[in-house]
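Order of the sequence lines fixes the chain letters, A, B, ..., with proteins taken first and strands second; residue numbering starts at 1 for each chain. Computation of the quantities below employed the complete heavy-atom set of this structure, encompassing side-chain atoms and omitting hydrogens, waters and symmetry-equivalent molecules.
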Protein chains: 2
Amino acid sequence: MDYKDFENCGLKKALNMVSGKWKPMILHFLFHYGEYRFNDLWRSMPKVSKKVLTEHLRQMEEQGLIKRREVNGFPLEVYYHLSEKGRELGPILAALDEFGNS
Amino acid sequence: MDYKDFENCGLKKALNMVSGKWKPMILHFLFHYGEYRFNDLWRSMPKVSKKVLTEHLRQMEEQGLIKRREVNGFPLEVYYHLSEKGRELGPILAALDEFGNS
DNA sequence: CAGAATCCATTTTGATACTG
DNA sequence: CAGTATCAAAATGGATTCTG
C-alpha cells in the first residue's frame, strides 16, 4: 500500500467537493432553502467576493453537486439548487457535524 | 438562519480536522498500519516537507484525532497512532470515499 | 443581475539547512 | 531521528472595476 492509492481515491474527490472556504456554507444554505438566487446567496455570506463565490459554485456544478437554473429576462435571474447527488451528502455532513460536536 | 450558525458548528470543526493537503493521507496510513513512526510516515509521503508534516500532526493531535508516543533513547523514536475519537472517523471517511467514487 | 477581468493580500506548502 | 528555523514558491481568497 502506498501513497498512490490516494491520488484517485473517492475520499480525496469527496473532500475536494467540500473544501474551499465557503463550500460548506453554500451547501448549508442550499439544503435549507432548496433553491437560492445568486445575489441572495452572495449577500447572505458577507466577505465572500463574487469572484470566489462564482468559482466555488462552478466547481460544485462540475462535480455534480449542484445545478444552475437560469431565467431569461432583464435583469437576469440565476438560481442554484442541490442535485440528487448533492442531497446524498446530507447524512454524511450530518455525521461529520455530530462528530465535530462531540 | 444566517451565516453565523456556521462559525462554531461541528461540521466546520470536523472539516478542519481533515483539511490540509496531507491529513487524509496521514489518516489513511494510521488506519492501515495502526502505529507509524514519524520518519517512516514521512518517507511514505514524497513531497511533504517535514515542517508541514509536523504541523499537520500537531494539529491533529490537538484536535484529539491522533496520539504521539515517544520512546526515549538515541536515536529518538516517535510513533503516531489514532485515538479512540480518531477511529470513530472510520465509517464517515468510508462513506465519503464511497460517495466520491459514485 | 450575474458574472468576468485584473490586481493585490493572505494562507498554505515546500526546500534547505540546522539542532538536541 | 525528530523535529525547528528561515526563506521562497504556490495556491487561495478578496477588492475593485467593468460588461452583456
Q: Indicate whether OP1 or OP2 belonging to C:dG14 is found under 4.0 Å from a side-chain N or O atom of B:Trp22.
A: yes
Within the 4.0 Å heavy-atom criterion, would you say A:Arg43 contacts the bases, only the backbone, or no part of the nucleic acid?
nothing
In whole angstroms, the gap separating C1' of C:dG20 from CZ of B:Phe74 amounts to 8 Å
Rounding to 0.5 Å, atoms NE2 (A:His56) and CE (A:Met60) come to a distance of 9.0 Å
Whichever of B:Glu55 and B:Lys50 has the more 5' nearest nucleotide on DNA chain C, that residue is B:Glu55
Taken to the nearest 0.5 Å, the spacing of B:Phe38 CZ from B:Lys50 NZ works out to 6.5 Å
Taken to the nearest whole Å, CG/A:Leu53 to P/C:dC1 is 14 Å
Distance col, row A:Trp22:CH2 vs A:Leu41:CG, nearest 0.5 angstrom, shows 11.0 Å
Taken to the nearest whole Å, CD/B:Glu70 to C1'/D:dG3 is 10 Å
D:dA2, OP1 or OP2 - any side-chain N/O from B:Arg68 closer than 4.0 Å? no
In whole angstroms, the gap separating P of C:dA2 from CD of A:Glu61 amounts to 14 Å
Checklist entry - Does A:His56 have a side-chain nitrogen or oxygen under 4.0 Å from the phosphate oxygens OP1 or OP2 of D:dT12? => result no
Tested for salt bridge (Lys or Arg N to Asp or Glu O under 4.0 Å) against A:Arg69, the lone hit among A:Glu61, A:Glu77, A:Glu35 is A:Glu35
Per atom distances to the B:Val52 side chain, the nearest of D:dG13, C:dT13, C:dG3 is C:dT13
Separation of C:dA15 atom P from B:Met45 atom CE, nearest Å, is 13 Å
Comparing A:Val48 with B:Pro75, nearest DNA chain D nucleotide closer to 5' gives the residue B:Pro75
Between CD1 of A:Ile26 and P of C:dA2 the distance, given in whole Å, is 14 Å
Between CZ of B:Arg37 and C1' of D:dA2 the distance, given in whole Å, is 9 Å
Whichever of A:Lys21 and A:Leu76 has the more 5' nearest nucleotide on DNA chain D, that residue is A:Lys21
Ranking A:Lys51 and A:Tyr80 by the position along DNA chain C of their nearest nucleotide, the one closer to 5' is A:Tyr80
Rounded to the nearest 0.5 Å, the CD atom of B:Gln59 sits from the CE atom of B:Met17 at a distance of 11.0 Å
Between CZ of A:Arg58 and P of D:dT12 the distance, given in whole Å, is 18 Å
